[in-house]
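Down below is the structure, laid out as structure tokens.
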There are 2 protein chains.
Amino acid sequence: MKKKITIKDIARAANVSIGTVDRVIHKRGKVSETALQKVNDALKELDYKPNPLARTLRNNVVYKINILIPNPAKDPYWVPCELGINAIIKEYEAFDIEISVLLFDPTKPESFSQIGNDLVEKGSDALLFVPLFEKESNFLLEKLNRKGILTGTFNSLPSKHVDHYVGHDLFLSGRVAAKLVSDFIQPSSRIGIIHINEAFNNAIHMRQKENGFRAYFKDHHVDCEILTKNINTSNVTEALRNFISEEKVNIFFVTTSKTYEVALALKQLNKKATVVGYDLLPENVSCLQNGEIQFLIHQAPRLQASLSLKSLVEKLLFNKEFPKKQLLPINIINSENIKSYL
Amino acid sequence: MKKKITIKDIARAANVSIGTVDRVIHKRGKVSETALQKVNDALKELDYKPNPLARTLRNNVVYKINILIPNPAKDPYWVPCELGINAIIKEYEAFDIEISVLLFDPTKPESFSQIGNDLVEKGSDALLFVPLFEKESNFLLEKLNRKGILTGTFNSLPSKHVDHYVGHDLFLSGRVAAKLVSDFIQPSSRIGIIHINEAFNNAIHMRQKENGFRAYFKDHHVDCEILTKNINTSNVTEALRNFISEEKVNIFFVTTSKTYEVALALKQLNKKATVVGYDLLPENVSCLQNGEIQFLIHQAPRLQASLSLKSLVEKLLFNKEFPKKQLLPINIINSENIKSYL
DNA sequence: AGAAAAAATGTGTACGTACACACTAAATAC
DNA sequence: GTATTTAGTGTGTACGTACACATTTTTTCT
């Protein structure tokens with residue numbers, strides 16, 4: 001079991017002191033040509049890799065990471081996200097990392113901006129947040145970049161100005177829904193795309209999904225009527241009942257986690273239809289298991305949150321590299337494999 | 001940014017030396033009742049967590065992990081598995097870990113046993129392997145346990161005697177296939193379960209999948225003829241062509257990664273049918289994209305391998321805990337979401 | 001040539017932990 | 001009462017890195 005190469009081994013091999021080796025490694029100058037040559041040769045020859053543990057220990061700083069996510073109490077979609085974050089906090093509690101979680105109201109952009117500004121003021125090594133509001137997020141990102149704070153986002157739209165992004169290809173996820181639905185299409189079928197968005201804050205996401213959905217049918221020359229219905233009222237069920245009664249739609253693609261609302265409305269009207277939607281909310285899962293929803297696409301908020309936090313933590317602790325943009329696989333869930341996701 | 005608590009802080013709080021604190025922490029005795037009390041109080045009060053980095057640095061050992069997996073050259077299913085392992089090796093190359101990968105012939109149990117024995121002889125801190133052969137694997141596990149070597153397995157059957165297992169619920173994955181297929185069933189449908197297993201080495205896996213598949217239909221009172229066909233010959237295509245010609249089957253569930261063979265045979269006979277099978281081999285992916293396979297269940301060999309190796313590595317390096325048994329979600333793949341998996 | 005400045009190199013220390021060792025004080029033995 | 005054991009405690013050092021500081025060597029200038 002051979003020992004790993006240390007800076008000491010390099011010093012010995014190059015016949016200089018560890019101080020000189022250190023200066024070469026950190027390019028802090030004050031090294032003669034000959035010594036530089038010898039040390040560089042030795043570094044290459046012995047394939048030196050600095051020990052991240054010793055480096056971190058020596059650096060002896062407690063890194064501070066702030067997290068800004070939507071309040072799960074306002075939208076249950078974010079519950080798993082918070083769980084994922086807490087798991088990572090637990091996982092790294094023994095390390096020199098301090099992580100704080102702050103919640104904003106997903107229906108109030110100003111709540112996001114205000115807490116965001118506070119956090120910029122207070123300062124930190126990294127800030128991880130959910131960029132629900134495009135304008136406000138970009139404004140925040142600009143400030144963070146100016147301050148040189150490491151940035152991470154997840155779930156929503158990636159941006160050029162963020163260091164790390166974890167999320168999904170929403171256009172593709174629309175296509176996936178279309179493919180799933182396509183097996184249920186009959187000559188008489190009419191398809192409804194339902195956007196349920198009480199807070200008006202993820203219109204772009206829903207649009208991308210719709211575009212993907214429609215693109216699939218265009219590519220495959222399935223001609224079939226596809227209607228789009230926006231529901232922004234607070235009385236979702238009533239609006240849905242009206243829509244379903246008026247239009248003869250028997251296939252539904254719901255672009256948000258409120259998929260169960262469609263299943264509910266159908267049940268109330270005593271109608272059968274194919275429903276495909278998003279996310280593993282308890283209500284959705286229950287409908288899936290009852291056969292009222294055929295498929296759910298799982299956006300894995302928990303995994304998104306934990307992956308993005310983990311990347312930031314390990315970047316700070318071990319200087320581990322991460323991709324600027326990480327797109328997760330799109331998970332198709334039916335009444336059976338749901339058990340393996342709970 | 002407050003510093004983390006160290007044993008020095010504990011020593012100061014308890015008004016003793018760090019040596020005494022250390023003796024308390026490691027329960028090495030030689031501590032007076034009063035000191036013990038004070039130190040324990042301080043430990044609890046300040047919520048002391050030892051710094052895993054410093055601990056590992058001080059321990060100063062290079063851990064050795066051996067890995068024994070089937071040769072990807074003999075069965076392409078294992079290609080991603082090797083890739084996942086190499087990625088983890090790369091990820092931790094700067095740490096005091098030495099990882100070696102050895103390959104056995106998945107058609108020859110004796111090749112597994114022989115290399116396994118060699119590895120036990122040579123010794124190591126942990127051994128990760130794929131327990132393709134039940135009897136031989138248990139024999140190896142017994143030896144490893146006696147030697148006190150940390151053990152990990154993945155992909156195949158979990159065992160009481162292994163420290164860490166990553167895999168799938170195969171019975172459930174059979175049920176998932178059944179649910180997928182159920183949407184294609186018509187009154188006249190006949191279903192074929194195809195076991196293609198040239199090497200006779202994963203009969204148990206295939207059986208579990210079949211059981212799950214049949215259980216779903218039993219639960220749902222779908223009465224529909226389900227035939228089982230075992231194919232162990234080397235000329236798979238011919239055997240399949242004969243089967244398809246003789247039996248009027250229009251829905252196929254293939255329990256192994258050789259799913260493309262069924263699609264191929266159907267194509268040769270110019271027949272259309274619903275095919276559901278396993279794994280993202282290039283041949284399968286191509287059939288999926290051509291519409292010759294409807295769904296694939298992705299067993300994620302790459303993820304399985306990297307997760308299990310990562311667990312062992314982090315257990316040794318940071319003493320991070322892991323679950324004894326980790327079942328992964330069952331991934332449903334169609335022609336669209338496949339893009340997010342490649 | 002000798003002093004002063006500049007360049008190059010080496011040494012020491014800290015990070016937090018773990019353990020060997022040295023030390024102190026009390027207890028036992030003769 | 002002194003010697004020896006024993007329980008209890010404290011000190012020193014190493015792990016590998018990073019950087020401040022001390023020291024040596026070389027260069028420059030008068």
Side-chain angles (χ1 to χ4, degrees), chain A residues 1-40 42-43 46-63 92-97 316-319, chain B residues 1-40 42-43 46-63 92-97 316-319:
Chain A
M1 245 158 270
K2 58 181 183 297
K3 282 255 198 73
K4 285 278 153 97
I5 302 299
T6 76
I7 195 171
K8 222 159 153 183
D9 298 315
I10 302 297
R12 202 173 314 119
N15 203 29
V16 295
S17 73
I18 59 171
T20 302
V21 175
D22 183 71
R23 275 180 289 265
V24 172
I25 290 172
H26 294 88
K27 301 195 192 5
R28 304 201 246 101
K30 310 203 172 201
V31 176
S32 68
E33 263 313 317
T34 52
L36 184 82
Q37 196 63 45
K38 282 192 294 179
V39 171
N40 274 329
L43 285 172
L46 299 177
D47 189 31
Y48 170 75
K49 300 265 159 46
N51 183 331
L53 301 183
R55 175 169 285 179
T56 308
L57 183 62
R58 155 69 224 232
N59 277 351
N60 192 37
V61 285
V62 178
Y63 292 104
Y92 288 95
E93 71 179 348
F95 292 85
D96 282 350
I97 285 269
L316 293 174
L317 279 184
F318 310 129
N319 201 31
Chain B
M1 246 157 270
K2 59 181 184 296
K3 281 254 198 78
K4 285 276 152 97
I5 303 297
T6 75
I7 64 172
K8 222 157 151 185
D9 299 313
I10 302 296
R12 201 175 313 120
N15 204 27
V16 294
S17 73
I18 59 172
T20 303
V21 175
D22 182 70
R23 274 180 289 266
V24 172
I25 291 172
H26 294 86
K27 300 192 190 3
R28 303 202 246 102
K30 312 206 171 197
V31 175
S32 68
E33 266 309 320
T34 52
L36 184 83
Q37 196 64 44
K38 282 191 295 179
V39 171
N40 273 330
L43 284 173
L46 299 177
D47 189 32
Y48 170 76
K49 301 264 160 44
N51 182 330
L53 301 183
R55 177 170 284 180
T56 308
L57 183 62
R58 154 70 226 223
N59 278 350
N60 193 36
V61 286
V62 179
Y63 293 103
Y92 288 96
E93 69 179 351
F95 293 84
D96 282 351
I97 285 268
L316 292 174
L317 279 184
F318 310 130
N319 202 31

Discussion item. Looking at B:K4 and B:D9, is any side-chain nitrogen of the basic one under 4.0 Å from a carboxylate oxygen of the acidic one?
Written reply: no
Worksheet item: Quick one: is B:T20 getting a side-chain N or O under 4.0 Å of the D:dG10 phosphate, OP1 or OP2?
Response: yes
Discussion item. Based on the rotation axes of five pairs at each end, what angle does the helix from C:dA1-D:dT30 to C:dC30-D:dG1 bend through, to 10°?
Written reply: 70°
Practice prompt. Measure the spacing between CZ of A:R23 and OG1 of A:T20 and express it to the nearest 0.5 Å.
Written response: 4.5 Å
Worksheet item: So how far is it from A:I5 CD1 to A:D47 CG, rounded to the nearest 0.5 Å?
Response: 8.5 Å
State, with a plain yes or no, whether a side-chain heavy atom of [X] is found less than 4.5 Å away from one of [Y].
| X | Y | answer |
| --- | --- | --- |
| B:D96 | B:T56 | no |
| B:V21 | B:V24 | no |
| B:V16 | B:K38 | yes |

Discussion item. Would B:I18 and B:T6 count as a side chain to side chain contact (heavy atoms under 4.5 Å, CB included) here? Give the steps.
Written reply: CA-CA 10 Å; B:I18 59 172; B:T6 75; over 6 Å; no
Item to complete: Specify the separation, in whole Å, of atom CG of B:N15 and atom C1' of D:dG8.
Response: 15 Å
Worksheet item: NZ of A:K30 versus C1' of D:dA20: gap in Å, rounded?
Response: 12 Å
Response to the item:
Protein heavy-atom contacts under 4.0 Å, written 5' to 3' over nucleotides 14-21 of chain C as B (base), S (sugar-phosphate only) or - (none), form the string BBBBBB--
Practice prompt. Please confirm whether the backbone N or O of A:V61 pairs with a side-chain atom of A:N59, one donor and one acceptor, at under 3.5 Å?
Written response: no
